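In what follows, chains carry the letters A, B, and so on, assigned in the order in which the sequence lines appear, proteins first and then strands, with residues in each chain numbered from 1. Because only heavy atoms are used, hydrogens play no part in the values below, and waters and symmetry mates are left out as well, while side chains stay in. A quick note: this is a predicted structure, and the numbers were derived from the prediction, not measured.
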There are 4 protein chains.
Amino acid sequence: MPESRPLRADARRNRERILRTAEIVLARDGLSASMREIARQADVGLATIYRQFPTKEALYEAIVVARVRALVDEARGLADSEEPGAAFFRFFTRVVEDATHKKTLVDALTDAGVDVKAGMSGLSREMVAVIETLLTRAQQAGRVRADVRMPELLALLSAACLAAERGRWEEPLRTRTLSVMFDGLRGPSLGPAPGAAGGRRGPTP
Amino acid sequence: MPESRPLRADARRNRERILRTAEIVLARDGLSASMREIARQADVGLATIYRQFPTKEALYEAIVVARVRALVDEARGLADSEEPGAAFFRFFTRVVEDATHKKTLVDALTDAGVDVKAGMSGLSREMVAVIETLLTRAQQAGRVRADVRMPELLALLSAACLAAERGRWEEPLRTRTLSVMFDGLRGPSLGPAPGAAGGRRGPTP
Amino acid sequence: MPESRPLRADARRNRERILRTAEIVLARDGLSASMREIARQADVGLATIYRQFPTKEALYEAIVVARVRALVDEARGLADSEEPGAAFFRFFTRVVEDATHKKTLVDALTDAGVDVKAGMSGLSREMVAVIETLLTRAQQAGRVRADVRMPELLALLSAACLAAERGRWEEPLRTRTLSVMFDGLRGPSLGPAPGAAGGRRGPTP
Amino acid sequence: MPESRPLRADARRNRERILRTAEIVLARDGLSASMREIARQADVGLATIYRQFPTKEALYEAIVVARVRALVDEARGLADSEEPGAAFFRFFTRVVEDATHKKTLVDALTDAGVDVKAGMSGLSREMVAVIETLLTRAQQAGRVRADVRMPELLALLSAACLAAERGRWEEPLRTRTLSVMFDGLRGPSLGPAPGAAGGRRGPTP
DNA sequence: TATGAATGAGTATTCATTCAT
DNA sequence: GATGAATGAATACTCATTCAT
């Protein structure tokens, strides 16, 4: 897989500037943001974007890919943690935080395994794989109920991301909501805490 | 001269045809579906739509309003059930099922309390109110943990709807995912079932 | 020339109501006023208008015809006045006043002799004829210079109407402007009044 | 990075082509001419027009502005003529000639002082100012009656333009009509020339 | 190589007019 | 006879993408 030729210095600078700007613009205007607006904000010619990204979709994909790659890397760092439960919930939280502030991450997860575009398919698989590792280890450590499988985990994760992205889950809403999901992932309750005397615990990672 | 005379027979027929078609088209193409496409599918002149719905937004709103109203009615029917826990989980499930097949319901929940449009604002409040009733009664019956509040409940509900709508949650995925959420809503677990020997329970309504 | 059959009483009532309303709406919104708006204002069904006037243009024409007919009648009343000069200027002023308040009269004059529509052609000729009478008599009485011919008179008249209609010539602008035109119609000056000591005379009808 | 860099060669070519074509189309079809028609005639893409003129109104304004500017320049050239009377009448004639062939000039004069759009407001003031100069000098030279003021002068001018534009004042109609107006502007007559023996003088500039 | 001008397909919306009730 | 619902053609304007400079 040769990465084609290395880009010239200025080309690389432009590429990054475009990506950074596009991320901001997308977060602000959503997917309907126009290429022209992105070019304007990046202070770059319109065709310059097209030189690097042949299509609007390609640009979006590049952004998502970058972000997912970062998350995958982070997940790998957590994969051999000595506290698999904490690692698992930590990562789940991180992904949702990311979605809260930057839009369009979600596609990567939602479509996981489905009709992913060329560029994503490999990465998507990596993402799924590393999540599966986190899950399995957390289950082995007795921190997540054993009967949870990947499909519902991914469903929960993308649900949280979608809602966080759209609803601007700010604290303490995010913590409180995830807390419920995490309790569910830990296992069936024995009924609500009778006294319910205690306050609310955080996601107890 | 009645203020708002009943629609003529053909007008009513068309109105319903338009609504039904628009619902389908929206489910397929999302909010970017064009009015022309809807007209084509409904086999109706373009201007016929505009006679009934002065604006694209108005059409969408009409669809959402109709659907939400149906759900609110359903919720009211459950509100004085003798099994408040079952009623609560039943309704949650119903909403998500609805979202799976028909898109754009979500807005009603997501935006709840935010900048809802005129036509929705009242209805949205009704929806929230009846959900709160269901929640309270389920909590009083000890079927839902006492410290869950409306914000996180709505967050969970809209998360599930968004993901269901987008990810086409078909069975058994829907049941399995909701099962986790419901466990979380019932209360903190005492740790995963040690043996985890058993299969998976459904949402135990 | 049988006037087709006499309209039924209610039909006639509607016809007049439509004409009256349309006149007002046109004066307010100009030629871009929509048929629907006229129907709404007249509190009449849309198709009712079309029954009487097969076309938007036909409606406009009917309005103009009515107005022109009124002016022609007025002109005839002045045609045998004992003060032909006064009569001539009086009529000129009347036409311009009319144009100030009701739009679209102008076409009748501007297009005089050109491509008048069927309904107008006869009437237009009548109008031109009676104006010519007024002019000739005023000239014979020595109140209008002898070398003025119909083409330039009509040009002046329609110029005044167009500008009055568009510019909302209110008093005293209308009087002052017509005063200049009328001086020109009386004859070449012997140079500006040397002292110019006097104020301004009105149109000296 | 000059604030408003000079247009690229092709852009400038297109801009002029668009303006030229639009002028013709407007003259033919009036203000209701469609942008698409203009694009077709100019043999230019529809969006190309919108690149240069963000709005239909903006295009029209650009045309009027260009024309008015030319007239203002011409007026300035006449402003210090040694024959102020000739200069005044000359300019009046020029404006009307212009209107005969190119439509929509009129707005500039009609709306003078009213609710002119941003781009025009300054120019419109210039136009009015230079006309006032011409008038004042002609009056001081005894060539125009002293009691004529700007409002009626502008009214006459726009009347002439409107009618010329609409009625296609060709020679000798234009000369004959203006001749009457000019006589009126020179001063009140002492009654029609008794003999009226002479032929007709031109506008005696 | 980077730019921004050009483009055609597409969007919501309006209107005069016809036709079923 | 009167009504208003239906319609298709038209309109101003936008956007992703291509191409000349």
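For the pair C:E37 CD and E:dC15 P, the computed distance is 10 Å after rounding to whole Å. Rounded to whole Å, the distance from CD1 on D:I49 to P on E:dG8 is 12 Å. In this entry the distance linking CD of D:Q52 with P of E:dG4 reads 14 Å, nearest Å. Look at CD1 on B:I38: it is 15 Å from C1' on E:dG10, rounded to the nearest Å. Spacing between atom CZ of C:F53 and atom C1' of E:dA16 amounts to 16 Å, rounded to whole angstrom units. One can place CG of D:D29 at 10 Å from P of F:dT11, the figure rounded to the nearest angstrom.
Under the rule for a side chain to side chain contact (heavy atoms under 4.5 Å, CB included), A:I24 has no partner lying at least two apart in sequence or in another chain. By the side chain to side chain contact (heavy atoms under 4.5 Å, CB included) test, B:A70 is found to be paired with no residue, residues two or more places apart in sequence or in another chain being considered. In this view, D:Y50 and D:M35, D:L46 satisfy the side chain to side chain contact (heavy atoms under 4.5 Å, CB included) rule, not counting sequence neighbours. Remark: D:R20 engages D:E16, D:R17 in a side chain to side chain contact (heavy atoms under 4.5 Å, CB included) (not counting sequence neighbours).
Considering only side-chain N and O atoms, D:T48 lies nowhere under 4.0 angstrom from the phosphate OP1 or OP2 of E:dA5. Side-chain N/O atoms of B:N14 include none lying less than 4.0 angstrom from OP1 or OP2 on F:dA5.
Between the CG atom in B:D10 and the CZ atom in B:R15 there is a gap of 13.5 Å [rounded to 0.5 Å]. Note that the CG atom of A:L162 and the SG atom of B:C161 stand 11.5 Å from one another [nearest 0.5 Å].
With salt bridges taken as basic N to acidic carboxylate O contacts below 4.0 Å, one links B:E37 and B:R28. Taking 4.0 Å as the cut-off between side-chain N and carboxylate O, B:K56 and B:E61 do not count as a salt-bridged pair.
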Dot-bracket notation for DNA chain E, counting Watson-Crick and G-U pairs under 3.5 Å, with | for partners on another strand: .||||||||||||||||||||
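For the pair B:L59/B:I18, a side-chain contact is recorded, criterion being any heavy-atom separation below 4.5 Å from C-beta on.
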Sequence-aligned protein contact record of nucleotides 14-21 of chain F, with B where the base is within under 4.0 Å of a protein heavy atom and S where only the sugar-phosphate is: BBSBBB--
